Asker: 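Input: one structure, supplied below.
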Number of protein chains: 2
Amino acid sequence: MPRKPAYDRDALIAQARDIFWRHGWAGTSLKDLERELKLKPGSFYAAFGSKDALYAMALERYTQDGVARLTALAEDIGPLAALKTQPQIVIDSSQTPVQACMLAKTFAELQARDHQLAQKASRHMAEMKQCFATLFRQAQQAREIGPDHDPERLAARYQSDLLGLRLSAERSDVNAKEIAADIAADLDQL
Amino acid sequence: MPRKPAYDRDALIAQARDIFWRHGWAGTSLKDLERELKLKPGSFYAAFGSKDALYAMALERYTQDGVARLTALAEDIGPLAALKTQPQIVIDSSQTPVQACMLAKTFAELQARDHQLAQKASRHMAEMKQCFATLFRQAQQAREIGPDHDPERLAARYQSDLLGLRLSAERSDVNAKEIAADIAADLDQL
DNA sequence: TATATACTTGAGTGATCGCTCAAGAAATAC
DNA sequence: GTATTTCTTGAGCGATCACTCAAGTATATA
């Protein structure tokens with residue numbers, strides 16, 4: 001009996017993710033979303049419930065894709081090689097809407113207001129950090145890095161460096177490739 | 001003949017800087033500013049012209065203070081020591097409204113919309129980077145670091161690390177002191 | 001004290017915010 | 001075909017946005 005939606009829900013979430021990623025939470029209005037997703041307000045709310053709900057879905061999608069991509073890369077070329085390659089990947093991927101991390105942008109924007117989306121972003125960043133720690137641990141077990149390092153600590157520093165790198169990559173007066181190379185080079189010192 | 005304002009303009013700019021720093025550009029409303037600065041709309045606009053104009057003054061103040069503090073520190077304890085101490089300073093300064101850099105937050109929030117405040121923030125970050133580069137150059141001339149390093153490149157990496165550190169320091173699941181120590185330790189390898 | 005010159009006040013501007021909902025259109029089941 | 005169910009549409013809700021301005025108030029000089 002029912003009628004099917006005229007849109008591809010998954011594609012719309014990915015599209016919304018890119019818009020939010022670019023312009024942030026407050027910087028993206030319902031008008032923006034309606035125009036880009038080609039949805040009237042009624043359809044929008046029937047499909048996603050609210051702006052915040054869609055934003056949460058976008059964060060989810062963003063994190064899932066990120067973890068999946070890095071995990072796949074590590075299985076391809078090994079944990080340490082993946083960690084060394086990641087800095088260059090995240091800044092030269094010209095397909096990404098912006099260079100800075102969406103989780104970091106969300107967290108920075110909404111943390112002070114104690115917004116639930118900031119908490120969600122924080123949890124997702126912890127997820128990513130765990131992913132890094134796992135790779136460092138694997139690299140250690142494979143004797144690719146010294147045995148005296150704490151994988152959790154390496155992961156925290158590495159993630160911090162990546163956040164800085166990706167923000168720096170947005171700047172026109174910074175040579176991000178050099179920074180990425182230097183971050184990768186640091187991993188050889190371990 | 002005239003009547004003097006009842007407020008301390010400089011103090012109000014510093015107060016506005018802290019509010020903007022915390023909540024960002026879109027996250028701070030005129031109502032917020034009026035309430036915190038205890039100014040009615042008329043006085044506000046007579047004093048500062050617009051929200052954006054005040055934000056620009058806040059950015060200016062933020063940068064001036066940052067450069068002055070680091071420069072003074074370097075004259076006290078030397079360029080390399082200042083660079084090594086800075087990471088710990090910026091994250092344990094419990095007087096600061098938030099840990100993340102206001103220039104970085106502004107840039108990240110407004111860059112995609114090509115807002116003039118994003119450009120101003122970018123210029124101020126370049127200013128800070130030059131400040132770092134000068135210290136690295138001085139450290140090199142003082143034989144505190146090796147002669148084969150490019151001070152500009154070191155400065156870019158160092159600033160990137162600081163941006164990451166300061167954002168990480170906002171997170172409850174990250175030990176920022178460890179990251180700060182690791183950044184400082186890296187400078188000994190030069 | 002008289003007057004000129006600011007500063008302070010707060011109601012109110014049009015625009016936009018996220019969001020609602022009733023009515024019309026379309027597709028399924030029978 | 002008809003009935004039923006969902007999707008689509010868009011006018012419009014109250015709230016808030018950055019901001020204006022005329023009237024009132026206080027302080028300087030003369």
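Reckoned from all heavy atoms, side chains included, excluding hydrogens, waters and symmetry mates. Given the structure is predicted, the values throughout are model-derived calculations rather than measurements. Numbered from 1 within each chain, the chains take letters A, B, ... in sequence-line order.
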Asker: Quickly work out the Arg9(A) CZ to dC7(D) C1' distance and round it to whole Å.
Answerer: 14 Å
Asker: If I take atom CG in residue Leu30(A) and atom P in nucleotide dA15(D), what distance separates them, rounded to the nearest angstrom?
Answerer: 18 Å
Asker: So if I take every side-chain heavy atom of Ser50(A) and compare against dT8(C), dC19(C), dC17(C), which nucleotide ends up nearest?
Answerer: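 Ranking dT8(C), dC19(C), dC17(C) by closest atom to the Ser50(A) side chain puts dC19(C) first.
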Asker: On the six-membered ring of Trp25(A), is Lys51(A) placed so that its NZ or CZ lies under 6.0 angstrom from the centre and within 45° of the ring axis?
Answerer: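 That pair qualifies as a cation-pi contact.
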Asker: Please compare Pro41(B) and Pro41(A) by the position of their nearest nucleotide in DNA chain D and report the one closer to 5'.
Answerer: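 First, find each residue's nearest nucleotide; the 5'-ward one identifies Pro41(A).
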Asker: Using atom NZ of Lys40(B) as one end and atom C1' of dC19(D) as the other, report the distance to the nearest whole Å.
Answerer: 16 Å
Asker: Does dC19(C) have OP1 or OP2 under 4.0 Å away from a side-chain N or O of Tyr45(A)?
Answerer: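 Checking dC19(C) against Tyr45(A), a side-chain N or O does come within under 4.0 Å of OP1 or OP2.
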Asker: Contact class for Tyr7(B) vs. all strands (heavy atom < 4.0 Å): base, sugar-phosphate, or nothing?
Answerer: sugar-phosphate
Asker: Please report the shortest heavy-atom distance between Leu167(B) and Ala104(A), naming the atom on each side.
Answerer: CD1-CB, 4.0 Å
Asker: What is the distance from CG of Leu33(B) to C1' of dT16(D), rounded to the nearest Å?
Answerer: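 Taking atom C1' of dT16(D) as the reference, CG of Leu33(B) is at 15 Å.
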Asker: So which heavy atom on Asp173(A) is nearest to which on Lys129(B), and how close?
Answerer: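 Between these two residues, the closest heavy atoms are O-NZ, 2.5 Å.
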Asker: Figure out the CG/P separation between Leu54(B) and dA18(D), and round it to whole Å.
Answerer: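 Answer to the nearest Å: 12 Å.
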Asker: Indicate, with a heavy-atom threshold strictly under 4.0 Å, whether Ser43(B) touches base, sugar-phosphate, or nothing.
Answerer: base
Asker: Taking the side chain from Lys105(A) and the backbone from Arg22(A), do they hold a donor-acceptor pair closer than 3.5 Å?
Answerer: yes
Asker: Which whole-number value in Å describes the distance from Lys51(A) NZ to dC17(C) P?
Answerer: 9 Å
Asker: Separation of Asp32(A) atom CG from dG18(C) atom C1', in whole Å?
Answerer: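 After rounding, the reported distance stands at 12 Å.
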Asker: Could you give the CD-to-P distance, from Glu34(A) to dT9(D), as a whole number of Å?
Answerer: 11 Å
